[in-house]
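One structure is given here, and the rest of the page talks about it.
The analysis underlying the following values was restricted to heavy atoms, covering all of them including side chains, and did not include hydrogens, waters or symmetry mates.
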Amino acid sequence: MQPIIIVLIILVVLVFIALIKTIQVIPQASAAIVERFGRYTRTLNAGLNIVVPFIDSIRNRIDLREQVVPFPPQPVITQDNLVVNIDTVIYYQVTDARAATYEVASYIQAIEQLTVTTLRNIIGGMDLERTLTSREEINAALRGVLDEATGKWGIRVNRVELKAIEPPTSIQDSMEKQMRADRDKRAAILTAEGIRQSQILTAEGEKQSAILRAEGESKAAALRAEGEAQAVRTVFEAIHAGDPDQKLLSYQYLQMLPKIAEGDANKLWIVPSEIGDALKGLSGAFGNLGGGTPGFDTSGNGGNGGNGGNGGNGGTSGNGGAPGVVNPRGAAVERREEPPVH
């Protein structure tokens, strides 16, 4: 009985192994290459698949999702004979599992070598400055060449990126110095522009202030002149409305004379030439009253006082006489203060 049991156990194991090899479950976004006796038969897609056990075999399982492969820095010589190290990153996707398996031995290595050679051809036609500022142009050129070359391998290159471009250390130092000098230059220019703009604004403000100040002074002078003119006009109208005679005007004229000599600092005052006319106007009025008019002498001696007093010499007043007035025609006379004579 024991040999029969052993045989049964062996048969069960063989059946179990056959079932395992017959049923193949392929994950989503994956594919499997099936070979029969070493020859490609079909491609298994995602899901449950049945194969012939011990006859069909799975050659390769391929991920159909987009893959990201970074490549190590590669030394590349620019047009101006400078060596730069460039890191690249490739984004690709397998579109045909059969072609990716049978058309190229290792598509990852093939893509890397193709990227290096294409990058050297592109960078070799550019100088360093253009290389540093033309990443989009380099990426587009790389993608076009790689996509065309890898199409027959069943691979689509979706994107190529230059991760880093590292020029030599000496070039980096020179570039830093140049950038620092450019920044200092721009800072100096901006400072000068700021000072210039500030001075312009200050000058404009002073100009506007001077204009407004001049306009204010002009308006104030005009208003003052207008006020004085109005005051003179009002006085003139009031005088004419009162209809004063010559006697009243002469009396008011003489009343203003003492105010000219007011103040201790007044040493010299001017006698208007019209004082003679004013005195003539008053002489008639005082003559009617029976009194003498104050004496005036153009030679400097005081006139005779009316009704009781002789005029004092040198412009002094007598008893009842008016103050002596020197040179009524407008000559400059020094005023002297002397005690009155009784």
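The salt bridge (charged side-chain N to carboxylate O under 4.0 Å, His left out) check on Arg42 picks up nothing, with sequence neighbours excluded. Scanning for side-chain contact (heavy atoms from CB on, under 4.5 Å) contacts around Ile20 gives Phe16, with sequence neighbours left out. For Asp184, the side-chain contact (heavy atoms from CB on, under 4.5 Å) partners at least two apart in sequence or on another chain are Arg180. Every residue two or more places apart in sequence or in another chain that forms a side-chain contact (heavy atoms from CB on, under 4.5 Å) with Ala97 is listed here: Ala31, Ile33, Thr43, Ile62. Pro27 is linked by a side-chain contact (heavy atoms from CB on, under 4.5 Å) to Ser30, counting only residues two or more places apart in sequence or in another chain.
How far CD1 of Ile123 is from CD1 of Ile86: 4.0 Å, rounded to the nearest 0.5 Å. Here Leu142 contributes atom CG and Ile138 contributes atom CD1; the two are 7.5 Å apart, rounded to the nearest 0.5 Å. Separation of atoms NZ (Lys185) and CD1 (Ile189) is listed at 5.5 Å; rounding is to 0.5 Å. If you take CG on Leu190 and CZ on Arg183, they are separated by 13.5 Å, rounding to the nearest 0.5 Å. Atom-to-atom distance recorded for Leu14:CG and Ile9:CD1 is 12.0 Å, nearest 0.5 angstrom. We find the CD1-OG1 distance between Ile17 and Thr22 to be 11.5 Å, quoted to the nearest 0.5 Å.
Residue pairs meeting the side-chain hydrogen bond (donor to acceptor under 3.5 Å, both in side chains) criterion with at least one member in residues 191-211, sequence neighbours excluded, are Ser209-Arg213. Applying the salt bridge (Lys or Arg N to Asp or Glu O under 4.0 Å) definition to pairs two or more places apart or across chains, none involves residues 215-227. Each salt bridge (Lys or Arg N to Asp or Glu O under 4.0 Å) pair with one or both residues in residues 126-151, not counting sequence neighbours, appears once here: Arg130-Glu137. Sorted by first and then second residue, the ring pair (Phe, Tyr, Trp, His ring centres under 6.0 Å) pairs involving residues 28-50 (not counting sequence neighbours) are Tyr40-Tyr102. Counting only residues at least two apart or in different chains, side-chain hydrogen bond (donor to acceptor under 3.5 Å, both in side chains) contacts with residues 58-84 comprise Gln24-Arg61, Glu35-Arg59, Asp63-Arg65, Asp63-Gln67, Glu66-Asn158, Thr78-Asp80.
Note: the hydrophobic cluster containing Val104 also contains Ile90 (ILVMFWY, side chain heavy atoms under 4.5 Å, direct or indirect links). Under the 4.5 Å side-chain heavy-atom criterion for ILVMFWY residues, no single connected hydrophobic cluster contains both Ile55 and Val34. Follow the hydrophobic side-chain contacts under 4.5 Å out from Val157 and you never reach Tyr91; the two are in separate clusters. Under the 4.5 Å side-chain contact rule for hydrophobic residues, Ile23 and Val52 do not share a cluster. Clustering ILVMFWY residues whenever any of their side-chain heavy atoms sit less than 4.5 angstrom apart, transitively, puts Ile108 in the very cluster that holds Leu146.
No donor-acceptor pair under 3.5 Å is formed between the side chain of Thr88 and the backbone N or O of Phe71. A donor-acceptor pair under 3.5 Å links the side-chain atoms of Thr150 to the main chain of Ile155, judged by distance alone. Glu161 places no side-chain N or O within 3.5 Å of a backbone atom of Asn139 that could act as its donor or acceptor partner.
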Cut-off 3.5 Å, no hydrogens considered: what does the side-chain donor-acceptor table look like for residues 111-119, sequence neighbours left out?
{"from": "Thr115", "atom 1": "OG1", "to": "Ile111", "atom 2": "O", "distance (Å)": "2.7"}
{"from": "Thr117", "atom 1": "OG1", "to": "Gln113", "atom 2": "O", "distance (Å)": "3.1"}
{"from": "Thr117", "atom 1": "OG1", "to": "Leu114", "atom 2": "O", "distance (Å)": "3.0"}
{"from": "Thr118", "atom 1": "OG1", "to": "Leu114", "atom 2": "O", "distance (Å)": "2.7"}

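Counting all heavy atoms, side chain and backbone alike, Asn85 lies closest to Pro75 at OD1-CA, 3.5 Å. Between Pro72 and Asp87, the shortest heavy-atom contact is C-OD1, 4.0 Å.
Its side chain within the 4.5 Å cluster rule, Val83 clusters with Ile77 among the Ile, Leu, Val, Met, Phe, Trp and Tyr residues.
For the pair Asn45/Ile26, no side-chain contact is recorded, criterion being any heavy-atom separation below 4.5 Å from C-beta on. Contact check for Val69 versus Val89: no side-chain heavy atoms found under the 4.5 Å cut-off. Put simply, the side chain of Ile58 reaches to within 4.5 Å of the side chain of Leu44, judged on heavy atoms. Side-chain atoms of Val76 and Thr131, non-hydrogen and from C-beta on, never get closer than 4.5 Å to each other.
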